Amino acid sequence: MKPLENNKFKSDPGGIARQFGEEWSRYTEIFPAHREQFKKWIQPVPLEFFAGRTFLDAGCGMGRNALWALEAGAASGVAVDFDPRTVAAAQRNLEPFPRARVELASLYDLSFEKTFDVVFCLGVLHHLADPRRVLRRLVAALKPGGTLIVWVYGREGNEALLLLLTPLRALTRFLPVRFTLALAKGLTVLLRALLIWPWRRPYFELLRTFSFRHTESIVFDQLLPSIARYWSREEAVALLSDLPLTVKHVTHTQGMSWTLVAQRID
């Protein structure tokens, strides 16, 4: 594993990888509910699609998404992230799979060329200073005919949530992590109480099935980033414009986010 370079700010604009390193050094457990999340984030692609295929998990976190692809029968996989704490957590979680490799690398500097059958980047692009630059590297990593799966925050469906999150993030981005963690715990108690109400929104129904700690990790995740974009459908699709891709599916995932599935055409 290569140490971080001295020019880490160039390879991690905004320090996003370091911010999420705080999360993945604390919340390293993989829950069965993570599998259900993954299935929704990649829809309409089924888990069985990974069987016999090679994949790249771009921005792997603690390895939970790569785990489900491997359990579905992927031939091999590479999981990449850019904080040593995150990479260490992913290595521990993926240790039972010798056909998986976890690498410390910046998504801006990926050197793979026509290597993978599937590249997925879930919950990452909306936190990046230059998502288009990263997308060019992800497409380059795909074999011709390979599949790109991207999941990003949606503007549609999150209007009310943003009224709360925007001022909170303006505060928490300057707070020591221990205070943000304490705030996340308190907000999780409040959220769990609110979830007793029979909400009809699909995501809230899913949240009701999560453990307290899983919910807490999601709240902490929402409070951490200094960059968090919420794209409209048109903006999300435009991310893939001018790239050698054919967009196959655009899904308004749980009415709050966008899943884009595209195929490399050259």
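Note that these values count all heavy atoms, side chains included, but never hydrogens, waters or copies made by symmetry. These numbers were taken from a predicted model, which means no experiment stands behind them.
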Side chain proximity check, [X] to [Y], heavy atoms < 4.5 angstrom:
| X | Y | result |
| --- | --- | --- |
| Leu207 | Ile218 | yes |
| Ile149 | Val45 | yes |
| His127 | Tyr153 | yes |
| Cys60 | Asn65 | no |
| His214 | Gln37 | yes |
| Tyr27 | Met62 | no |
| Leu195 | Leu191 | yes |
| Leu239 | Val150 | no |

How far does [atom1] of [X] sit from [atom2] of [Y], to the nearest 0.5 angstrom?
| X | Y | atom1 | atom2 | result |
| --- | --- | --- | --- | --- |
| Asp117 | Thr147 | CG | OG1 | 8.0 Å |
| Leu94 | Arg99 | CG | CZ | 10.5 Å |
| Arg64 | Leu122 | CZ | CG | 9.0 Å |
| Thr86 | Gln91 | OG1 | CD | 11.0 Å |
| Ile42 | His249 | CD1 | NE2 | 11.5 Å |
| Leu243 | Ile265 | CG | CD1 | 10.0 Å |

Salt bridge (charged side-chain N to carboxylate O under 4.0 Å, His left out) assessment of Lys39 paired with Glu36: CA-CA 5 Å; Lys39 288 168 61 178; Glu36 295 309 307; 3.7 Å; yes

For [Y], does its backbone N or O pair with a side-chain atom of [X] as donor and acceptor, under 3.5 Å?
| X | Y | answer |
| --- | --- | --- |
| Ser106 | Tyr108 | yes |
| Glu48 | Pro46 | no |
| Trp258 | Trp231 | yes |
| Asn158 | Gly154 | yes |
| Asn93 | Gly63 | no |
| Arg133 | Leu107 | no |
| Arg229 | Leu128 | yes |
| Ser232 | Glu235 | yes |
| Gln43 | Lys40 | yes |

Heavy-atom neighbours of Glu29 CD exceed 12 at 6.0 Å: yes

Please give me the minimum heavy-atom distance between [X] and [Y], naming the atom from each residue.
| X | Y | result |
| --- | --- | --- |
| Ala236 | Leu260 | O-CD1, 3.2 Å |
| Pro225 | Gln222 | CD-O, 3.6 Å |
| Leu70 | Ala100 | CD1-CB, 3.6 Å |
| Gly61 | Ala90 | O-CB, 3.5 Å |
| Thr251 | Pro44 | OG1-CD, 3.8 Å |
| Arg132 | Ala238 | NH1-O, 3.8 Å |

Identify whether [X] and [Y] are in the same connected component of the hydrophobic contact network (ILVMFWY, side-chain heavy atoms under 4.5 Å).
| X | Y | answer |
| --- | --- | --- |
| Leu223 | Val189 | no |
| Phe204 | Leu206 | yes |
| Phe31 | Tyr203 | no |
| Val124 | Phe112 | yes |
| Trp197 | Leu161 | yes |

Test side-chain hydrogen bond (donor to acceptor under 3.5 Å, both in side chains) applied to Tyr230 and Glu156, step by step: CA-CA 8 Å; Tyr230 290 75; Glu156 299 89 337; over 6 Å; no

ring-ring contact (aromatic ring centres under 6.0 Å, His included), paired with Phe50, selected from Phe120, Phe116, Trp68: Phe120

Residues Arg208, Arg192; criterion side-chain contact (heavy atoms from CB on, under 4.5 Å); working and verdict: CA-CA 8 Å; Arg208 292 178 66 178; Arg192 298 280 291 187; over 6 Å; no

Over-ring placement of Arg53 relative to Phe49, 6.0 Å and 45° cut-offs: yes

side-chain hydrogen bond (donor to acceptor under 3.5 Å, both in side chains) assessment of Ser257 paired with Trp151: CA-CA 7 Å; Ser257 55; Trp151 177 77; 2.7 Å; yes

Steps toward side-chain contact (heavy atoms from CB on, under 4.5 Å) verdict (Leu240, Leu135): CA-CA 8 Å; Leu240 305 185; Leu135 277 167; 4.0 Å; yes

Pair His34 + Phe210: ring centers closer than 6.0 Å: no

Candidate list Thr188, Leu181, Leu187, test side chain to side chain contact (heavy atoms under 4.5 Å, CB included), partner Lys185, passing option: Leu181

Residue pair Val261, Thr259: steps toward the side-chain contact (heavy atoms from CB on, under 4.5 Å) verdict: CA-CA 7 Å; Val261 180; Thr259 298; 4.3 Å; yes

Val219 vs Leu183, side-chain contact (heavy atoms from CB on, under 4.5 Å): CA-CA, chis, key distance, verdict: CA-CA 9 Å; Val219 175; Leu183 179 60; over 6 Å; no

Residue pair Asp266, Arg264: steps toward the salt bridge (charged side-chain N to carboxylate O under 4.0 Å, His left out) verdict: CA-CA 6 Å; Asp266 63 336; Arg264 180 167 174 170; 2.5 Å; yes

CA sep, side-chain torsions, deciding dist, call: Arg137, Glu113, salt bridge (charged side-chain N to carboxylate O under 4.0 Å, His left out): CA-CA 8 Å; Arg137 296 312 314 149; Glu113 297 287 343; 3.0 Å; yes

Worked check of side-chain hydrogen bond (donor to acceptor under 3.5 Å, both in side chains) between Ser76 and Thr54: CA-CA 5 Å; Ser76 64; Thr54 59; 5.2 Å; no

